[in-house]
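The structure under discussion appears below in the form of structure tokens.
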Amino acid sequence: MSDQRPAASGLQQIVPAGLVVALALWVTWVSFAVDDPEPYLFPRLVSLVLLALSVALLVRALTGKTLTGAGLDGRTLKNVAPAIAVTLLYVFVLADLVGFYAASTAAFFTLVTLYDPAPHDEIETWLKRLAVTVGFMAVIAVLFTLVLKVQVPRGVLF
Amino acid sequence: MRKSIAILATMAALALAGAAFAGSYPERPVSLTVAYSPGGATDFQARIVTMVAAKKEYLGQPVVIINKPGAGGKIGWNYFASRASTDGYELAAYNVPHFIAQSIKFKTKYNINNLEPIANWGADPAVLVVNKNSPFNSVDDLVKYAKANPGKVTVSGAGLYVGHHIAFLQIQKATGVKLKYVPHKGGAPALKSVLGGQVMAGVNNLSDSYRSRANLKILAIADLQRDKQFLPDVPTFKELGYDVDDSSVNFRGIMVRKGTPKEIIDFLSARVVEMFKNKRVAKQMKIGGSPLRIMTRDEVIKMWKARQAFLQKLLADL
Amino acid sequence: MEFLQYFSAVLTPASLLFLGIGTIGGLILGATPGLSPTMAVALLIPFTFRMDPAQGLILLGAAYTSSVAGGAVSAILLKIPGAPANIATALDGYEMAKKGQAAKALQMCFVSSAIGGVIGILVLIFLTPLLAAWALGFGPSHLFWIAILGVTIIGTLDARSVVKGLLSGAMGLWIATIGYDSIQGVERFTFTEHLDGGVNVIAALIGLFAIPQIIEMLEGGRTRKTIEVLAVERHSIWASTREVFSKLRALGIGSVVGTIIGLIPGAGGQIAGIVSYDQTRKFSPNRDRFGKGESEGVVAAESANNAMVGPSLVPLLTLSVPGSPTAAVLLGGLLIHGIFPGPDLFSKHAAVAWTFIDSMLIGQILMMVFGLYIARLAARVVLIPPAILAPAILVLAVFGSFAVQHSLSDVFVMLTLGLGMYFLEKVGFSAAPMVLGIILGPIAESNYVQGRIIAEAGDGIFAYFFTGGLNIALIALCLASVAYSVAMEVRQRRLARIEGGAP
């Protein structure tokens with residue numbers, strides 16, 4: 001798949017390369033600006049490697065020499081944006097707030113609804129989606145809570 | 001008026017909570033955080049001493065072990081002292097002197113004042129070991145060599161400011177020689193370095209060293225008395241004339257976070273001690289080569305305070 | 001030949017039952033993201049409390065063996081390695097699945113796992129006394145060089161761009177330093193409290209592989225298309241077996257490298273698969289097809305990570321030194337039954353010890369039989385519509401990364417790394433080198449620090465790290481690995497220039 005699409009180029013290479021350089025600079029700064037160097041000997045070494053490689057990448061990106069990766073086009077981004085939003089809400093907000101099971105059930109059902117091509121106006125579609133969600137969550141509950149005795153965050157709604 | 005209603009409501013809620021507690025705690029499985037990785041001595045013993053928890057005369061609910069290892073226990077205990085719930089459903093295993101020494105030496109979120117002991121189950125003294133092929137046959141041999149070669153004798157142990165390191169510091173102070181401490185990621189890798197000849201000596205757990213005794217020489221034990229059950233022939237440091245007491249003995253037990261209701265602490269400290277005395281627990285501990293030492297909550301409170309005072313002094317001298 | 005006597009103990013109905021439960025349970029747990037072999041064994045130990053020692057150990061041995069192979073199932077079908085040991089399996093296994101060869105890839109994976117596994121256990125049976133002392137001889141300087149050898153593989157792991165490969169690896173090395181440092185206990189780079197505990201390898205593994213995969217599945221929006229697979233080709237078990245045996249080079253390299261790495265305490269069997277994969281590629285005439293669905297890659301990786309199982313127990317059984325995290329957990333399982341590993345294990349507890357080893361041998365075969373039986377069925381997973389498969393993997397990833405150490409922070413780290421990797425993959429970075437960096441970082445660092453302390457007390461750092469036969473041999477291997485990669489890169493560039501195409 002990645003071979004057929006146009007490769008990422010131009011800004012799509014320069015921006016990430018720039019970000020990696022920024023990360024490398026921060027890591028280097030933190031590693032060298034400490035009082036006690038002992039715990040930072042290894043991070044210092046890594047930070048210098050990181051810095052050298054990221055600058056090399058930025059130079060290659062600016063001169064248009066690095067072209068790997070499929071890149072990201074507007075349509076793909078539009079298609080995946082809802083999934084990313086649901087995922088962020090699910091993990092960072094709901095999981096702890098309403099509990100793992102409630103949050104997971106909601107996230108699962110929402111994602112199935114958003115991406116299932118079946119028509120939205122048939123009751124049968126909705127029943128199928130509900131059945132799949134409940135069935136899958138039951139499997140998760142058996143595996144993690146009953147067999148493995150994992151105690152997941154309960155939150156306000158169980 | 002409004003204020004008094006609020007107070008009344010709060011009191012009612014508290015009373016209700018108390019009443020609800022009286023009959024039902026614990027009504028679901030209780031977790032026990034272990035600050036070391038699965039397979040380590042603490043984890044292994046915690047699993048044994050809690051295996052009968054589900055019986056009606058003990059907790060009536062199973063105890064689930066949760067491992068949060070890293071940084072010599074700091075990650076697990078930091079989590080526990082700052083984020084664990086105080087409803088009695090989250091317990092943790094403590095290791096003394098580790099957590100006390102760390103709370104003195106580092107900026108930790110835990111110390112003896114924000115944790116409440118429940119009961120102690122075991123005590124594992126530190127021993128000084130060398131490889132079977134080592135030229136050292138006694139503590140005196142090692143001290144004599146170290147006097148001639150200061151800083152050249154490498155001694156392995158499980159990390160900084162754990163029982164092994166405390167014993168090392170005490171040995172160094174008592175013998176007056178300079179040794180080199182090599183911290184490892186746990187007791188097992190530290191013992192491996194002695195067996196593999198990467199270091200010249202090691203301070204390690206009695207139980208683990210006992211199992212490897214065929215390939216080791218166990219020179220001395222850092223306790224007040226010899227261990228009659230496992231190593232009756234190994235002398236204590238005191239017998240050899242070195243002033244090393246039992247301060248490094250690794251005590252293991254169960255604690256909760258401060259703020260846990262008194263009823264729950266009372267309930268747990270009564271039941272958990274009985275659970276440790278269970279016959280099956282004793283038998284499994286014994287065949288696992290792990291010495292039991294059961295102490296009640298009051299005894300542990302005293303022991304914590306004594307260790308705190310001692311360690312403050314020892315670590316201040318460094 | 002003492003081990004032959006005890007086969008009868010394994011072949012009783014009760015023992016076979018536990019062997020079966022352990023094998024099936026291990027396969028399922030191993031295939032679940034977040035449940036590494038170490039966790040699978042740790043989770044099963046409480047079940048052995050009430051069993052008699054031999055049967056308890058049969059259960060644990062079978063679970064250990066099959067959970068290592070189970071991790072390959074999700075690696076092949078979903079490109080999500082069940083454990084770090086299966087990373088290399090995903091590289092070619094998933095590409096095969098995309099071509100509709102999921103059943104074939106799974107069948108070959110189970111056959112080569114069993115072959116590697118049996119070889120590893122035979123090493124355990126026959127060579128333990130010889131090798132135990134040798135394995136203990138590896139000190140901090142040697143482990144440091146082994147970690148560096150792993151680092152030299154990073155750049156070429158994903159052949160598309162060497163700079164980006166190396167950069168992914170270096171970022172992994174940095175990520176590994178986040179949290180408390182293991183020796184001094186100082187907090188490093190912990191800009192949020194969720195990083196206090198550092199980045200857990202398993203959580204990172206799940207995030208970096210699963211999350212990009214989930215989002216990619218949904219890139220088509222509301223379509224009916226499955227993950228680019230239109231059908232699962234039927235493939236006969238005999239054909240797969242024959243093909244595995246035709247890859248003798250991969251099988252040989254995988255088994256030998258897996259055995260050696262498994263023996264060394266502290267090296268982490270996690271890298272056995274990836275090192276063998278890399279070696280096999282370097283010696284293969286088809287090296288250009290690696291990473292594009294070359295079955296040789298699957299054979300090398302899977303024979304290696306199962307070959308590691310037996311030897312990883314060598315230092316444990318004879319010297320009571322657990323060489324790997326899984327061995328440490330198994331030690332607990334042995335102690336609970338009053339069985340003290342050590343030099344007298346085979347004289348004092350001969351029956352239990354041999355029954356345990358024999359059960360792992362039979363377990364390898366049983367694992368293969370079950371694996372082959374489910375392969376065709378499991379392969380149908382790729383036919384599940386993305387609208388259901390993607391959320392299912394997401395929920396599994398969240399539960400799995402939480403289960404590792406009951407930590408919500410691990411779930412946050414998992415998702416953050418995963419989302420970052422989705423975008424980074426779009427511009428040519430890749431997950432495998434980053435995970436390898438996260439695995440190798442702590443091995444390199446802690447052994448460097450320990451070696452430095454020991455060297456300061458002895459003959460100095462240079463003498464400690466650069467002299468001695470083993471050090472020099474390992475350094476030579478590192479140099480050879482780098483030289484080879486550079487030579488390949490130069491050759492590839494020249495070829496690319498001749499063809500006049502884009503790099």
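Naming convention: chains lettered A, B, ... in sequence-line order (proteins, then strands); numbering from 1 in each chain. All of these numbers come straight from a predicted model, not from anything done at the bench.
Residue contact with chain A, scored on non-hydrogen atoms closer than 4.5 Å, involves the backbone and the side chain of C:Phe412 alike. In this structure, chain A has a heavy atom under 4.5 Å from the side chain of C:Phe191, while its backbone stays farther away. Only the side chain of C:Leu415 comes within less than 4.5 Å of a heavy atom of chain A; its backbone N, CA, C and O stay farther away. For C:Ile211, no part sits under 4.5 Å from any heavy atom of chain A, backbone or side chain. Interface residue A:Arg60: only side-chain heavy atoms are found under 4.5 Å from chain C. Contacts between C:Leu35 and chain A at a heavy-atom distance below 4.5 Å involve the side chain alone, from C-beta outward. Residue A:Phe109: no heavy atom, backbone or side chain, is found under 4.5 Å from chain C. Residue C:Leu173 touches chain A through both its backbone and its side chain, counting heavy-atom pairs closer than 4.5 Å. When heavy atoms are compared at a cutoff of 4.5 Å, A:Leu50 approaches chain C by way of both its backbone and its side chain. With a 4.5 angstrom heavy-atom cutoff, C:Met414 does not touch chain A via any of its atoms. Both the backbone and the side chain of C:Glu445 come within less than 4.5 Å of a heavy atom of chain A. Both the backbone and the side chain of A:Val150 come within contact range of chain C, with heavy atoms under 4.5 Å apart. Looking at A:Val34, neither its backbone nor its side chain comes within 4.5 Å of chain C, counting heavy atoms on both sides. Residue contact with chain C, scored on non-hydrogen atoms closer than 4.5 Å, involves the side chain of A:Phe136 exclusively. Proximity to chain C is limited to the side chain of A:Pro16, based on heavy atoms less than 4.5 angstrom apart. Residue C:Gln405 does not touch chain A at all, counting heavy-atom pairs closer than 4.5 Å.
Interface check for chain C: of the options A:Val112, A:Thr113, A:Val86, the most heavy-atom pairs under 4.5 Å are formed by A:Val112. Considering only heavy-atom pairs separated by less than 4.5 Å from chain C, the leading option among A:Val49, A:Thr105, A:Val80 is A:Val80. If you tally non-hydrogen atom pairs under 4.5 Å between each of C:Leu167, C:Ile214, C:Leu29 and chain A, the highest count goes to C:Leu167. No other option in C:Met39, C:Met171, C:His406 has as many heavy-atom pairs under 4.5 Å with chain A as C:His406. When each of C:Ala390, C:Ala176, C:Gly437, C:Gly220 is scored by its heavy-atom pairs under 4.5 Å with chain A, the top score falls to C:Gly220. Interface check for chain C: of the options A:Leu77, A:Leu111, A:Leu19, A:Val91, the most heavy-atom pairs under 4.5 Å are formed by A:Val91. Among the candidates C:Gly25, C:Gly400, C:Pro391, the residue making the largest number of heavy-atom pairs closer than 4.5 Å to chain A is C:Pro391. With chain A as partner, the option from C:Leu44, C:Val398, C:Leu43 having the largest number of non-hydrogen pairs under 4.5 angstrom is C:Val398.
Remark: aromatic rings of A:Phe42 and C:Tyr448 are distant, center separation not under 6.0 Å.
In this structure, the separation between CG on A:Leu57 and CZ on C:Phe429 is 5.0 Å, given to the nearest 0.5 Å. Residue C:Leu166 holds its CG atom at 5.5 Å from CG of A:Leu53, rounded to the nearest 0.5 Å. Between the CD1 atom in C:Ile215 and the OG1 atom in A:Thr76 there is a gap of 12.0 Å [rounded to 0.5 Å]. One finds the CD1 atom of C:Ile388 at 8.5 Å from the OG1 atom of A:Thr133 (value rounded to the nearest 0.5 Å). Note that the OH atom of A:Tyr90 and the CG atom of C:Leu394 stand 5.5 Å from one another [nearest 0.5 Å]. Taken from CG in A:Leu114 to CG in C:Leu218, the straight-line distance is 9.0 Å, to the nearest 0.5 Å.
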So A:Leu41 and C:Val449, side chain to side chain contact (heavy atoms under 4.5 Å, CB included) or not? Walk me through it.
-> CA-CA 9 Å; A:Leu41 290 177; C:Val449 173; over 6 Å; no
Side chain to side chain contact (heavy atoms under 4.5 Å, CB included) assessment of C:Thr416 paired with A:Phe92 | CA-CA 10 Å; C:Thr416 309; A:Phe92 285 106; 3.6 Å; yes
Does the side chain to side chain contact (heavy atoms under 4.5 Å, CB included) test come out yes or no for C:Val186 and A:Glu38, once each step is laid out?
-> CA-CA 10 Å; C:Val186 175; A:Glu38 198 72 11; over 6 Å; no
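The aromatic rings of C:Phe399 and A:Phe144 are tilted relative to each other, their planes meeting at an angle between 30° and 60°.
No side-chain heavy atom of A:Phe100 sits under 4.5 Å from any side-chain heavy atom of C:Val395. Looking only at side-chain heavy atoms (C-beta outward), A:Val27 and C:Thr177 stay at 4.5 Å or farther from each other. C:Pro385 has its side chain out of reach of A:Tyr115: every pair of non-hydrogen atoms, C-beta onward, lies at least 4.5 Å apart. Using a 4.5 Å cut-off on side-chain heavy atoms (C-beta onward), A:Gln13 and C:Val427 make contact.
At distances below 3.5 Å, at least one donor-acceptor pair connects side-chain atoms of C:Arg222 with backbone N or O atoms of A:Asp116.
Of all the heavy atoms in A:Pro153 and C:Leu408, the pair that sits closest is CG-CD1, 4.3 Å.
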